[in-house]
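Count residues from 1 along the sequence. Note that the structure is predicted; figures quoted are calculated from it, not measured.
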Amino acid sequence: MVKKVAVIGAGVSGLSSIKCCLDEDLEPTCFERSDDFGGLWKFAETSKDGMTRVYRSLVTNVCKEMSCYSDFPYQEDYPNFMDHKKFWEYLREFAEHFDLLKYIQFKTTVLRVTQRPDFSETGQWDVVTETEGKQHRAVFDAVMVCTGQFLSPRLPLESFPGIHKFKGQILHSQEYKIPDAFQEKRIVVVGLGNSGGDIAVELSRIASQVFLSTRSGAWVISRSSGGGYPFNMMLTRRCNNFIARVLPSCFINPGKQLQLNHEIYGLSVAKGKESKFVVNDELPSCILCGKVTMKTSIKDFTESSIIFDDGTIEVNIDAVIFSTGYEFSFPFFEEPLKSLCTKRIMLYKRVFPPNLERTTLAIIGLISLTGSILAGTELQARWTTRVFKGLCNIPPSRELMAEVTRKEQLIKRGVIKDTSEDKLNFISYLDEIARCIGSKPNIPLLFLTDPRLAWEVFFGPCSPYQYRLMGPGKWDGARNAILTQWDRTIKPLKTRALPKSPETATLSRSLKVWGAPLLLASLILFYKSSIFLKLVQDKLQGRVFPSRVLW
């Protein structure tokens, strides 16, 4: 029987894991190697401690209503997109509200996590930690690993010919905190992800010239939609997800709906490459102004120059910043568990290692989603704690390992694609985990019992509150949180009184927010009514057999 749970890491997923343990009457002990909670969101001027932290200018790229703990909305006056200080303040409020800090042991590094000799019977783990030079050993019934996916920087220098001849500065984006040291320098940023785009834009304000090198390109999205509302709230909706399953991708690719001409900006996704989306409000303007120059992949280095794949050469380069991502790392595990956990495609629903006789280990937060990682990790933690308690079941190890072996063989033969690096669809993945818990919203039932709420759930933003409407973990405030999410979105913007009448403003906002859903609903009703009328007509003509009527 699981009771004592070790939680490794006190970042976003660690805090939610502690709370989920408490919700299920488990006893969590959280080990955090730094002196504070928040993980990478706790800003520091340097990265000497080896931890990955946000750079000073970072602003969230998912709006507050779409990236919150599902039973703890932001204060209404919080901005829709926050700098690291404001986001960390939200984490502090969450931790203090649910009294989580007393379960965290700070300045404590986890050295080893190993199965006990009787693991096949008990599922227990030996956890060895170090605090101020002293080692401690404790036995836990289960372990939740919440170290995230930004632990070990990926710096593939060996894949860049001539890199060792280059005499300029070389660093990974993990080391980048502030732009001051790059005044009037010529800089190459390698990698067009969210970090690479942010760093290139910030450096363009003080550098002599910034070059942004990308192999595959990306669709660049603004934080605001065409109507000025947060892009996430307009795009991440169940109705859109439904359309995406019905129509071919060529009809619903959001990148093709953007006003920006990615081709002339040098941003287009390369043919055959997976579509990637980057949130950046200023990058197109910086390219227009010539402060950021888009470049192809790097072919070679000289002492002070860089040769690109298209044959162009940029001279007098002072620094290269590699925004090339991170390696998954679990230094406290032994083989083969260590290697298996780094292959997230092999984890059962991206959470549970398949090779364990007892399901008492979970990897929380090793996911990439098209939406909020926070919302995804919280749902993972809710499911995990219920699995630990025996309230939810997963297939036995032999079945999971057989599936892993089959998947590996298919990937090697090229039958299926290795999707380890692909982002999972936000709604589909959260629905999959919520279904395991029993908390996936029942849309047809809602339309029968609460049409107003059902309309907002299906046609409105798929905010995390939806997964607190029913089933285990139901929160009484979820309905109100959903129905008032637009109020909290608009509130921080109402800082200047305007003469425009409230009725006109309300009508205008309603048309912009609900125009597309209303159109979709009308089309669905038209389609349904057309089928109905056709069946009635056929019935009257005596041409319909009972077997053809499907409802």
is_close_aromatic(Tyr229, Trp486), centroid dist under 6.0 Å: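 Yes, close enough.
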Trp475 ring center within less than 6.0 Å of Tyr69 ring center: no
Between [X] and [Y] (salt bridge meaning N to carboxylate O under 4.0 Å), is one present in this structure?
X: Glu27; Y: Lys4; value: no
X: Lys19; Y: Asp23; value: yes
X: Asp126; Y: Arg116; value: yes
X: Glu65; Y: Arg488; value: yes
X: Arg238; Y: Asp431; value: yes

Crowded around [X] [atom1]? As in, over 12 foreign heavy atoms under 6.0 Å?
X: Asp77; atom1: CG; answer: yes
X: Glu121; atom1: CD; answer: no
X: Lys474; atom1: NZ; answer: no
X: Lys107; atom1: NZ; answer: no

Check: [X] side chain, [Y] main-chain N or O, donor-acceptor pair, under 3.5 Å:
X: Arg468; Y: Gly473; result: yes
X: Arg56; Y: Phe43; result: no
X: Glu378; Y: Ser70; result: yes
X: Thr52; Y: Phe150; result: yes
X: Lys42; Y: Asp36; result: no
X: Thr60; Y: Met82; result: yes
X: Arg53; Y: Leu40; result: no
X: Thr377; Y: Gly365; result: no
X: Glu175; Y: His172; result: yes
X: Thr324; Y: Arg154; result: yes

Could you measure the distance from the [atom1] atom of [X] to the [atom2] atom of [Y]? Nearest 0.5 Å is fine.
X: Met144; Y: Thr385; atom1: CE; atom2: OG1; answer: 6.0 Å
X: Gln485; Y: Lys64; atom1: CD; atom2: NZ; answer: 11.5 Å
X: Asn80; Y: Lys491; atom1: CG; atom2: NZ; answer: 13.0 Å
X: Leu155; Y: Ser173; atom1: CG; atom2: OG; answer: 9.5 Å
X: Phe328; Y: Leu366; atom1: CZ; atom2: CG; answer: 4.5 Å
X: Arg382; Y: Ser17; atom1: CZ; atom2: OG; answer: 12.5 Å

Test side-chain contact (heavy atoms from CB on, under 4.5 Å) applied to Phe388 and Cys21, step by step: CA-CA 10 Å; Phe388 286 168; Cys21 284; 5.9 Å; no
Option passing ring pair (Phe, Tyr, Trp, His ring centres under 6.0 Å) with Phe37 (candidates Phe94, Phe31, Tyr103, Trp88): Trp88
Listed partners of Thr108 passing side chain to side chain donor-acceptor pair (under 3.5 Å), at least two apart: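 Partners of Thr108 under the side chain to side chain donor-acceptor pair (under 3.5 Å) test: Thr131.
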Heavy-atom check, side chain of Leu337 versus side chain of Val113, under 4.5 Å: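 No, side chains not in contact.
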Test side-chain contact (heavy atoms from CB on, under 4.5 Å) applied to Tyr326 and Gln174, step by step: CA-CA 9 Å; Tyr326 294 80; Gln174 184 205 45; 3.4 Å; yes
Salt bridge (Lys or Arg N to Asp or Glu O under 4.0 Å) partners for Lys417, two or more places apart: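 Lys417: salt bridge (Lys or Arg N to Asp or Glu O under 4.0 Å) contacts with Glu274, Asp422.
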Worked verdict on Trp383 versus Phe352 for side-chain contact (heavy atoms from CB on, under 4.5 Å): CA-CA 11 Å; Trp383 178 41; Phe352 293 104; 3.6 Å; yes
Give me the atom names and distance for the closest heavy-atom approach of [X] to [Y].
X: Phe87; Y: Val12; result: CE2-CG2, 4.0 Å
X: Asp281; Y: Ser224; result: OD1-N, 4.4 Å
X: Val278; Y: Ala218; result: CG2-CB, 3.7 Å
X: Phe72; Y: Cys68; result: O-CB, 4.2 Å
X: Cys63; Y: Asn232; result: N-OD1, 2.9 Å
X: Ile345; Y: Arg350; result: CA-NE, 3.9 Å

Single hit among Thr359, Val387, Asp141 for side chain to side chain contact (heavy atoms under 4.5 Å, CB included) with Val2: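 Only match with Val2 under side chain to side chain contact (heavy atoms under 4.5 Å, CB included): Asp141.
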Leu361, Val110, Val7, Val5 screened by side chain to side chain contact (heavy atoms under 4.5 Å, CB included) with Val143, the one that passes: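 The single option meeting the side chain to side chain contact (heavy atoms under 4.5 Å, CB included) with Val143 is Leu361.
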Intermediate values then yes/no, salt bridge (charged side-chain N to carboxylate O under 4.0 Å, His left out), Arg406 and Glu403: CA-CA 5 Å; Arg406 186 186 72 86; Glu403 176 62 20; 2.8 Å; yes
Qualifying side-chain hydrogen bond (donor to acceptor under 3.5 Å, both in side chains) pairs, either residue in residues 438-452, two or more places apart: Asp450-Arg479
Step-by-step side-chain contact (heavy atoms from CB on, under 4.5 Å) determination, Gln124 to Thr360: CA-CA 7 Å; Gln124 291 182 327; Thr360 55; over 6 Å; no
The single option from Gln380, Lys349, Lys423 passing side-chain hydrogen bond (donor to acceptor under 3.5 Å, both in side chains) against Tyr429: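 For Tyr429, the side-chain hydrogen bond (donor to acceptor under 3.5 Å, both in side chains) test succeeds with only one of Gln380, Lys349, Lys423, which is Gln380.
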Geometric class of the Phe332/Phe330 ring pair [parallel <30°, tilted 30-60°, perpendicular >60°]: perpendicular
